[in-house]
Amino acid sequence: MNFPSLKSLQDVNIEQFQHDLISWYQEEKRDLPWRKDQDPYKVWVSEIMLQQTRVDTVIPYFNNFVDKFPTIEALADAEEEAVLKAWEGLGYYSRVRNLQTAVREVKDQYGGKVPDTKEEISSLKGVGPYTSGAILSIAYGVPEPAVDGNVMRVISRILSIWEDIAKASSRKIFEEAVRQLISKEDPSSFNQALMELGALICTPTSPSCLLCPVRDHCHAFHEGVQQELPVKTKKKNMRHVHLGAAVIATDEGDVLIQKRPESGLLANLWEFPNVELSGAGNPKMELELFFRKEYGLDVELQAESIAKIQHVFSHLTWDIDVYYGKIKKSPVTKEKSQWVKKGEVEHFAFSVSHQKIWQRAQEEAKS
DNA sequence: AAAGCGGGGGC
DNA sequence: GCCCCAGCTTT
């Protein structure tokens, strides 16, 4: 394959670059919980959590997760409900469902040992090009690239690469660059150093070039174009969905919840009954009709909504009108729905938007 | 190649 | 408000 944009590699003193980068990393690296050992399982968990998620967000989740599921075996044998609960609020929930699927595969097919070849590890559910390289280099010391958003940003500046990093095909260019730059003696520190540099120094906006340990190797800095790199085209507009949701409670202190479908958005998480509003009629009427048809319940909701909640996803926005209603307890006909005690709601995994709904409803119940 | 998939923080 | 974040899977 031909990489015309990598001619700048010839200008880089690779040995010196490795030394400057790794020395800085050894001196400045943050004390993070997944850096306490090289247990492949814990490296794996951390890398999945860190996908599209900041370090500060991940730290408490990681500590709780490895406390509850300390080994491959423990996670493989856990209930999915418990695993989702441990992931609650972290987002991209398919990550953890794929992780459990993959861990069970490791237990059954690899004797409980995380495989150490690119082919085997890449075949595991949820392990893509980045994660396989990260686990191989960090846990096993294999000199494989681990190219994430940080690395593309850093390398695009160092080598002055103007490819659009939003394109899937661009990743291979950066992998090839890293393959030539990576330290064979310490690929773990090298890969983590690139990401640490991207997080601490070579940031998306206003990079701290004057503090950069590899400034002397950086083409973008010498040309004064570090602010213009990387090139990244932007995404499309997002969709709005208008929902009506209701918290239905009995005098005995039960509330109605339901489980979302096993695929798609927020798969297998719990939520309060809700329906997409058509705009024909008012939300209260549409919701009451929905309860009659889907649950076989005659609900009289409060006339006014108790909250309007907007929740922004990466690809769509929910505008939720929240209602509250009291009802006599009676059997429900809808599948995957059930009455639960108010005090037990917290044992189920909800998306953040429905956690907000529950919080608001409890305030309403008190008043 | 493009779309679907969460949630939070920085500016 | 927009952009980004230690990306992967499905279509």
Side-chain angles (χ1 to χ4, degrees), chain A residues 25 29-30 32-35 43-62 84 87-99 101-102 121-139 145-154 164-172 174-175 178 188 190-200 202-207 230 232-239 241 260-261 263-269 271 309-318 349-356:
Chain A
Y25 175 70
K29 65 178 175 185
R30 291 167 290 181
L32 301 174
W34 46 90
R35 288 181 176 161
V43 171
W44 186 4
V45 170
S46 73
E47 292 303 339
I48 300 297
M49 284 190 174
L50 286 161
Q51 289 170 9
Q52 301 293 283
T53 312
R54 291 169 191 283
V55 165
D56 290 341
T57 303
V58 165
I59 290 172
Y61 281 93
F62 176 83
L84 279 175
W87 208 266
E88 182 186 48
L90 197 52
Y92 286 134
Y93 299 91
S94 65
R95 288 185 294 174
V96 75
R97 301 201 305 130
N98 289 339
L99 175 61
T101 299
I121 201 167
S122 297
S123 74
L124 297 170
K125 204 78 171 165
V127 179
Y130 164 75
T131 306
S132 61
I135 296 173
L136 286 171
S137 60
I138 297 171
V147 174
D148 69 341
N150 276 317
V151 172
M152 285 197 281
R153 182 174 61 258
V154 170
D164 180 4
I165 67 169
K167 293 179 162 253
S169 57
S170 297
R171 201 197 69 251
K172 290 191 172 303
F174 293 93
E175 282 181 347
V178 172
S188 170
F190 183 90
N191 278 342
Q192 292 185 81
L194 278 183
M195 295 187 274
E196 197 83 342
L197 190 70
L200 300 180
C202 197
T203 48
T205 59
S206 36
K232 185 174 188 180
T233 56
K234 26 194 156 295
K235 47 29 166 168
K236 57 340 176 180
N237 294 347
M238 90 178 126
R239 207 159 46 94
V241 173
R260 293 180 58 84
S263 67
L265 183 63
L266 305 172
N268 280 358
L269 292 190
E271 65 182 3
I309 292 175
Q310 182 174 78
H311 191 80
V312 179
F313 299 92
S314 51
H315 61 301
L316 73 88
T317 298
W318 276 352
F350 287 80
S351 69
V352 167
S353 55
H354 283 260
Q355 292 178 49
K356 290 177 186 167

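Quick caveat: nothing in here was measured; it's all calculated off a predicted structure.
dA6(C) and dG4(B): their P atoms are spaced 24 Å apart (whole Å). Between dG8(B) and dT9(C), the two C1' atoms lie 23 Å apart (nearest whole Å). Atom P of dG9(B) sits at a distance of 24 Å from the matching atom of dC8(C), rounded to the whole Å.
Not one side-chain nitrogen or oxygen of Ser314(A) sits closer than 4.0 Å to the OP1 or OP2 atom of dG4(B). Taking 4.0 angstrom as the limit, Tyr92(A) places none of its side-chain polar atoms (N or O) nearer than this to OP1 or OP2 of dG4(B). Put simply, His311(A) has a side-chain N or O that comes within less than 4.0 Å of OP1 or OP2 on dG7(B). In this structure, Arg153(A) reaches the dC5(C) phosphate: one of its side-chain N or O atoms is under 4.0 Å from OP1 or OP2. The side chain of His315(A) contributes an N or O atom lying less than 4.0 Å from OP1 or OP2 of dC5(B). The side chain of Gln52(A) contributes an N or O atom lying less than 4.0 Å from OP1 or OP2 of dG7(C).
Remark: P of dT9(C) and CZ of Arg95(A) are 13 Å apart, rounded to the nearest angstrom. Protein atom NZ of Lys234(A) is 14 Å distant from nucleotide atom C1' of dG1(C), rounded to whole Å. Put simply, CG on Leu32(A) is 11 Å from P on dA6(C), counting in whole angstrom units. Going from atom CD of Glu88(A) over to atom C1' of dG8(B) covers 16 Å, rounded to whole Å. What separates CG of Leu90(A) from P of dA6(C) is a distance of 13 Å, to the nearest Å.
With a cut-off of 3.5 Å on both Watson-Crick or G-U wobble distances, the partner of dG7(B) is given as dC5(C).
The side chain of Gln51(A) sits closest to dG7(C) out of dA6(C), dG7(B), dG7(C). Taking only side-chain atoms of Phe313(A), from C-beta outward, the nucleotide of dA6(C), dC4(C), dG7(B) with the closest atom is dG7(B).
Here Arg260(A) pairs with Glu271(A) in a salt bridge; the nearest charged N to carboxylate O distance falls below 4.0 Å.
Between Thr205(A) and Ser351(A), the one whose closest nucleotide on DNA chain B sits nearer the 5' end is Ser351(A). A residue-by-residue look at Lys356(A) and Gly264(A) shows that Gly264(A) has its nearest nucleotide of DNA chain B further toward the 5' end.
Nucleic acid contact for Leu316(A): none, since no nucleic acid atom lies under 4.0 Å from a heavy atom of the residue. Heavy atoms of Trp318(A) sit nowhere under 4.0 angstrom from any nucleic acid atom. At the heavy-atom level, Thr53(A) lies under 4.0 Å from base atoms of the strands shown. Counting non-hydrogen atoms under 4.0 angstrom, Ser46(A) reaches nothing in the nucleic acid. Among the protein residues, Arg260(A) comes within range of no part of the nucleic acid, since none of its heavy atoms lies under 4.0 Å from any strand. If you check every strand for non-hydrogen atoms under 4.0 Å, Ser353(A) touches nothing.
The closest side-chain donor-acceptor pair between Arg95(A) and Gln52(A), if any, does not fall under 3.5 angstrom. Counting only N and O atoms by type, the side chains of Tyr130(A) and Gln51(A) include no donor and acceptor under 3.5 Å apart.
The stretch residues 122-130 of chain A has no heavy atom under 4.0 angstrom from DNA chain B at all.
No more than 12 heavy-atom neighbours from other residues, nucleotides or ligands sit within 6.0 angstrom of CZ on Arg239(A).
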